[in-house]
Amino acid sequence: MSRAIDPVSAVDWRTAATRVPIPSGLWVGGEEREAAGRRSVITPRDGSTLSKVAWADASDVDAAVAEARTAFDRGPWPRMSARERGEVLLRFADLVEGHRDEIALLVSLEMGKPIRQAWEVELRAAVRCLRFYGGLADKLAGEITPTVEGELSLVTREPAGVVAAVIPWNFPLTIGCWKFAPALAAGCTVVLKTAEQSPLSMLKVAALGAEAGLPPGVFNVLSGDGIVVGRRLGEHPDVDIVTFTGSTAVGRHFLHYAADSNLKRVHLELGGKSPNIVFPDAPDLDEAADSAAWAIFFNAGEMCTAGSRLVVHEDVAEQIVDRIVATSSKWQPADPLLPSTLMGPLVDERSLGRILGQLEEGVGQGARIRTGGSRTLQESGGPYLEPTVVTDAAPDNVLVRNELFGPVLSVQVFTDEDDAVRVASDTEYGLAAAVWTTDLGRAHRMSRALRAGTVWVNCYEEGDMAVPFGGVKLSGNGRDKSRHALEEYTDLKTTWVKYE
Ligand code: NAP
Ligand code: MG
């Protein structure tokens with residue numbers, strides 16, 4: 001009798017980590033290249049150095065953009081049939097899937113994500129994204145609009161050119177795939193800058209792209225500093241689109257770079273402070289509480305969509321908070337290379353210091369820590385933080401206002417539906433929100449009232465490649481995923497023909 005094998009638990013990841021090949025160059029023009037400098041990559045697992053990797057400067061950016069420009073202006077990629085481009089992306093997906101263990105390990109090592117989540121969530125999302133745009137590549141059609149006799153209008157979608165993608169470290173593969181896969185499917189060429197903390201996994205993916213059949217220069221990956229490489233991409237006259245995911249502050253910089261250079265289009269996916277709103281008539285209050293814990297502790301809270309504000313009705317607030325506090329014990333951080341680990345370290349010491357500083361400030365402003373709030377596992381050498389729940393924070397408390405980007409939940413209480421909308425909407429951000437209720441009318445009223453890119457009802461963080469993802473207000477202006485993202489990497493062209 002065959003027994004199902006758990007593919008994550010079946011691997012000894014700590015031993016595998018000592019053997020995994022670590023990419024060391026830049027990926028430019030279809031090959032690994034040296035860079036102006038080198039930089040140590042540190043794993044937050046234990047603070048040790050993984051390797052030294054090539055670190056780009058502005059001249060390396062210029063070389064990569066020149067490759068992408070040439071590949072777009074004169075290479076085969078934008079000119080081949082959309083179906084053939086789709087086939088390359090489908091082969092690319094198969095190759096990434098075939099290297100799932102190796103790439104998941106690189107993700108876990110570089111930014112501390114538990115190996116189970118790297119393998120099951122991050123790699124699955126990356127492969128699904130490549131397959132989705134591989135399949136969609138040849139399904140984007142233009143329009144023929146009504147005209148008079150003897151004239152014909154054609155509205156076509158043209159690939160928009162050279163795309164610069166600048167990404168964060170919290171989902172080093174998924175977020176990058178959400179950008180380069182639709183851009184490539186549309187016929188664009190790409191220069192992608194990874195985040196300083198997580199340069200490794202995407203370099204491996206780029207090499208697989210070449211193996212899948214991407215022509216040289218179509219997909220280039222740079223490691224380097226934002227202020228040097230990101231900025232140069234933002235200002236570059238030969239870049240046509242910047243697609244960025246990261247903080248609101250850096251998103252603003254990209255708008256300035258574009259305004260001061262060639263007015264390139266800038267797609268922004270930025271931060272969030274998303275409200276998770278629980279009414280007393282939630283289908284199951286225990287499930288709502290467990291989901292609220294997941295929404296803030298998954299990926300150590302390093303999620304732009306983290307449910308970082310629990311907005312809960314006063315009648316059930318204590319019950320829900322008590323359950324989240326009790327549940328938090330199962331989220332205590334541990335070595336990310338153990339398959340049983342649910343929460344690993346934060347990405348780096350700087351992030352830990354920043355969050356501890358804001359916790360101290362928030363407590364000084366009157367917030368009460370109900371559980372957690374301290375560094376833990378210090379002997380490991382990594383920046384681990386306890387899962388943390390905070391109550392009694394006033395609306396202007398830093399813990400209610402700021403995106404902490406860590407496992408810190410702020411609890412806010414409301415009295416009725418109008419009050420729930422008021423409390424939930426009192427934020428500069430508009431990325432996501434959730435509502436827990438069995439009242440169908442209330443669910444729809446709330447969804448209409450909340451200004452956010454996504455509203456979940458009786459769930460959190462559910463989704464699919466087919467639905468768009470992005471925010472409003474200071475959470476950004478672009479949409480990743482879905483057919484809409486494919487359109488973002490095209491320009492509309494009108495061809496008007498007078499044939500008589
Ligand atoms: P970040 O500091 O904004 O960095 C994002 C990227 O921008 C990195 O590659 C970074 O390079 C680069 N960068 C930094 N300064 C730059 C500059 N002056 N000019 C050009 N590029 C620059 O964000 P992060 O710390 O990586 O990630 C956390 C933030 O991202 C949070 O605010 C979170 O909400 C947001 N986020 C949003 C989403 C979403 O989909 N909406 C998803 C994930 C994360 P370095 O390598 O030098 O850091
Ligand atoms: Mg950074």
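Along the sequence shown, residues are numbered consecutively beginning with 1. Just so you know, ligand 1 is whichever comes first in the structure, and atom 1 is the first atom listed for that ligand. All values below were derived from every heavy atom in this structure, side-chain atoms included, with hydrogens, water molecules and symmetry-related copies excluded.
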*Any N or O on Trp169 sitting closer than 3.5 Å to an N or O of ligand 1?*
yes
*With distance as the sole test, does Ser475 use its side chain to make a donor-acceptor pair with the main-chain N or O of Gly430 at under 3.5 Å?*
yes
_Ser475, any N or O under 3.5 Å of ligand 1 N or O_ = no
*Mind checking whether Ile167 contacts ligand 1 via backbone (N, CA, C, O), side chain (CB onward), both or neither, at a 4.0 Å heavy-atom cut-off?*
backbone
_Hydrogens and angles aside, do Thr243 and Lys179 bring a side-chain donor and acceptor to less than 3.5 Å of each other?_
yes
*Between Asp348 (side chain) and Pro44 (backbone), is there a donor-acceptor pair under 3.5 Å?*
no
*Atom pair CG/CD of Leu377 and Glu386 - distance to nearest 0.5 Å*: 9.0 Å
*Within 6.0 Å of NZ in Lys330, more than 12 heavy atoms from elsewhere*: no
_Side chain, backbone, both or neither: which applies to Phe244 and ligand 1 if a contact is any heavy-atom pair less than 4.0 Å apart?_
side chain
*Say whether Thr245, considering both its backbone and side-chain N or O atoms, lies within less than 3.5 Å of an N or O atom on ligand 1.*
no
*Nearest to the Mg ion (ligand 2), which N, O or S atom of Glu196 do we find?*
OE2
*Under 3.5 Å: N/O of Thr248 near N/O of ligand 1*: no
*Please step through side chain to side chain donor-acceptor pair (under 3.5 Å) for the pair Glu461 and Thr305, ending with a clear verdict.*
CA-CA 8 Å; Glu461 203 68 58; Thr305 50; 2.6 Å; yes
*Would Gly224 count as a contact of ligand 1 if the rule is a heavy atom under 4.0 Å away?*
yes
*Examine ligand 1 and decide if any of its atoms is less than 4.0 Å from a heavy atom belonging to Gly234.*
no
*For atom 43 (C) of ligand 1, which protein heavy atom lies nearest, and how many Å away is it?*
Asn170 ND2, 3.1 Å
_Does any N or O of ligand 1 fall below 3.5 Å from an N or O anywhere on Pro168, backbone included?_
no
*Within 45° of the ring axis of Phe244 and under 6.0 Å from its six-membered ring centre, is that where the NZ or CZ of Lys193 lies?*
no
*Using a 4.0 Å heavy-atom cut-off, say whether Glu269 meets ligand 1 through its side chain, its backbone, both or neither.*
both
_Straight-line distance of Glu122 CD to Ile115 CD1, nearest 0.5 Å_ = 10.5 Å
*Should the proximity of Asp480 to ligand 1, defined as any heavy atom under 4.0 Å, be assigned to the side chain, the backbone, both, or neither?*
neither
*So, the side chain of Ser447 versus the backbone of Val455: is there a donor-acceptor pair under 3.5 Å, distance only?*
no
*Heavy-atom contacts under 4.0 Å between Glu403 and ligand 1: side chain, backbone, both, or neither?*
side chain
*Determine, using heavy atoms of Phe469 and all atoms of ligand 1, whether some pair is separated by less than 4.0 Å.*
yes
